[in-house]
Novice: 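Could you have a look at this structure, given as structure tokens, before my questions?
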There are 2 protein chains.
Amino acid sequence: MSQATSEAIELCEEDRLSLIRDVLERIGDKWSVVVICQLDDTTRRFNELSRMSKPITKRMLSATLQGLERDGLVTRTVHDAKPPRVDYALTPRGMSLLSVVRALAGWAENNAAGIVESRAAYDAR
Amino acid sequence: MSQATSEAIELCEEDRLSLIRDVLERIGDKWSVVVICQLDDTTRRFNELSRMSKPITKRMLSATLQGLERDGLVTRTVHDAKPPRVDYALTPRGMSLLSVVRALAGWAENNAAGIVESRAAYDAR
DNA sequence: CCGGATCCTCATGGATACTG
DNA sequence: CAGTATCCATGAGGATCCGG
């Protein structure tokens, strides 16, 4: 660990690869990023997220939120009232992840057109 | 393209979300990131990648490389010799993606410990 | 309103064998 | 060496119904 390969980010060895894979399994599923983006800096209720993230099902929203909560990326607060009300919000860790996801979005935005072009060329043999 | 939405990265609306999903479908599969990392700044032969990326199967390596080539992320060059020899390398676009992936790795590295901790706490109810 | 429990489908990807 | 072809297990995730 005290390897300190000179500085900053170095290479892609074993450990680093598995770290990346972990993160990808975290945000690589179908709904995590969507939910995280919807929670951007505000707190939202379950049905609110459900509507905003259509066509997600309640089942998947629930599962996604639990996963995110488990990893300390969102908080879940239950207000006992009638009707029941549950609020979700990003933790600081969740927000930091959001910023990384935005970096991804930036890359996607810059390269989307080129990729579409490459695909067309490739598919035309 | 010359859109220039005032500045920088804005928010997570519909379009942006689907862009992110596209990128995640690209690198979210089981082997793309591994292969991209192995191709880091050098060119590699098929079997070389196969060995380095164990336990990938030839089938998946082939499929992964084809996908990456289709998106213009790697180049495939065939030298007709005996025995046959095929070289793979990152394109500039592929390298730019690699740097984004490294950002992901950085986040993972900084938060891995905290996430493990959160999970333990959560699983203990 | 906020989910949990079940059932079922379908794509990802592993194993294996064969080819130029 | 550099793949392709085939078959098959597994699990993510959609649909639906039920409960607090």
Side-chain angles (χ1 to χ4, degrees), chain A residues 17-18 20-36 38-39 42-71 74-89 122-123 125, chain B residues 17-18 20-36 38-39 42-71 74-89 122-123 125:
Chain A
L17 271 175
S18 73
I20 300 178
R21 293 253 74 247
D22 286 348
V23 152
L24 285 178
E25 279 175 19
R26 168 70 289 178
I27 65 174
D29 63 7
K30 201 167 181 186
W31 299 107
S32 288
V33 213
V34 177
V35 171
I36 288 176
Q38 249 67 0
L39 283 176
T42 48
T43 135
R44 305 236 178 243
R45 304 179 49 183
F46 187 87
N47 267 7
E48 202 174 353
L49 286 170
S50 183
R51 280 188 304 273
M52 298 176 62
S53 311
K54 289 242 178 212
I56 195 178
T57 63
K58 311 251 177 206
R59 177 173 114 74
M60 286 317 295
L61 179 56
S62 181
T64 301
L65 286 169
Q66 282 179 30
L68 295 173
E69 187 195 1
R70 186 169 111 100
D71 286 0
V74 310
T75 58
R76 174 177 188 270
T77 50
V78 184
H79 311 269
D80 42 337
K82 235 180 2 181
R85 172 198 181 104
V86 182
D87 284 342
Y88 294 93
Y122 184 94
D123 292 343
R125 292 302 172 283
Chain B
L17 271 175
S18 71
I20 300 177
R21 293 253 72 248
D22 286 348
V23 128
L24 286 178
E25 279 176 17
R26 169 72 292 192
I27 65 176
D29 62 8
K30 200 166 182 187
W31 299 107
S32 287
V33 210
V34 176
V35 171
I36 288 176
Q38 249 66 359
L39 283 176
T42 48
T43 135
R44 305 235 179 245
R45 304 177 50 179
F46 187 87
N47 268 7
E48 202 174 352
L49 286 170
S50 183
R51 279 188 304 272
M52 297 178 63
S53 311
K54 287 240 176 208
I56 196 177
T57 63
K58 310 244 176 211
R59 178 172 111 75
M60 287 316 295
L61 179 56
S62 179
T64 301
L65 285 169
Q66 283 178 28
L68 294 174
E69 188 194 0
R70 186 170 109 100
D71 285 0
V74 310
T75 57
R76 175 179 188 268
T77 50
V78 184
H79 312 268
D80 41 337
K82 234 180 4 178
R85 174 199 180 101
V86 182
D87 284 342
Y88 294 92
Y122 184 94
D123 293 344
R125 294 301 176 282

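What you see is a predicted model, and the numbers here were worked out from it, not measured in a lab. Letters A, B, ... mirror the listed sequences (proteins, then strands); counts begin at 1.
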Novice: Given 3.5 Å as the limit, does a donor-acceptor pair link the side chain of S53(A) with the main chain of I56(A), or not?
Specialist: no
Novice: Name the first nucleotide and the last nucleotide along DNA chain C (5' to 3') that come under 4.0 Å of a heavy atom in chain B.
Specialist: dG13(C) to dG20(C)
Novice: Return the minimal non-hydrogen interatomic distance between R26(B) and D71(B), and the atom names on each side.
Specialist: CD-OD2, 3.0 Å
Novice: Stems involving DNA chain D: give each as a range paired with a range, ordered by first number, where a stem means at least three consecutive Watson-Crick or G-U wobble pairs under 3.5 Å.
Specialist: C:3-20 with D:1-18
Novice: In whole Å, what is the span from the CE atom of M52(B) to the C1' atom of dA2(D)?
Specialist: 17 Å
Novice: Considering only NZ, NE, NH1 and NH2 on the basic side and carboxylate oxygens on the acidic side, decide whether D87(B) and R85(B) come within less than 4.0 Å.
Specialist: yes
Novice: Using whole Å, report how far CZ of R85(B) lies from P of dG3(D).
Specialist: 12 Å
Novice: Report yes or no: do Y88(A) and R76(A) form a side-chain donor-acceptor pair below 3.5 Å?
Specialist: yes
Novice: Side chains of V86(A) and T77(A): does their closest heavy-atom pair fall under 4.5 Å?
Specialist: no
Novice: Working to the nearest 0.5 Å, report the span between OG1 of T43(A) and CD of E48(A).
Specialist: 7.5 Å
Novice: Roughly how many Å is it from CD in E25(B) to P in dA12(D), rounded to a whole number?
Specialist: 16 Å
Novice: Check whether more than 12 heavy atoms from other residues, nucleotides or ligands sit under 6.0 Å from atom CG of D123(A), and answer yes or no.
Specialist: yes
Novice: Between S62(B) and dT4(D), is there a contact of a side-chain N or O with OP1 or OP2 at under 4.0 Å?
Specialist: yes
Novice: Less than 3.5 Å between a donor and an acceptor, one on the side chain of R59(B) and one on the base of dG3(D), is that the case here?
Specialist: no
Novice: Using only heavy-atom distances, determine whether the side chains of D29(A) and S32(A) contain a donor-acceptor pair under 3.5 Å.
Specialist: yes
Novice: Nearest-nucleotide wise, let me know which of W31(A) and E48(B) is further upstream toward the 5' end of DNA chain D.
Specialist: E48(B)
Novice: If only atom types and distance count, is the side chain of S50(B) paired as donor or acceptor with the main-chain N or O of F46(B) below 3.5 Å?
Specialist: no
Novice: In whole angstrom, what separates L61(A)'s CG from dA15(D)'s P?
Specialist: 15 Å
Novice: Quickly work out the K54(A) NZ to dA15(D) P distance and round it to whole Å.
Specialist: 11 Å
Novice: R76(B) CZ to dT4(D) C1': how many Å, rounded?
Specialist: 12 Å
Novice: With nearest nucleotides of DNA chain D determined for P84(A) and T57(A) from heavy-atom distances, which residue corresponds to the more 5′ nucleotide?
Specialist: T57(A)
Novice: Find which nucleotide of DNA chain C each of K58(A) and K30(B) is nearest to by heavy atoms, and output the residue with the more 5' nucleotide.
Specialist: K58(A)
Novice: Does a nitrogen or oxygen in the side chain of Q66(B) sit under 4.0 Å from OP1 or OP2 of dT4(D)?
Specialist: yes
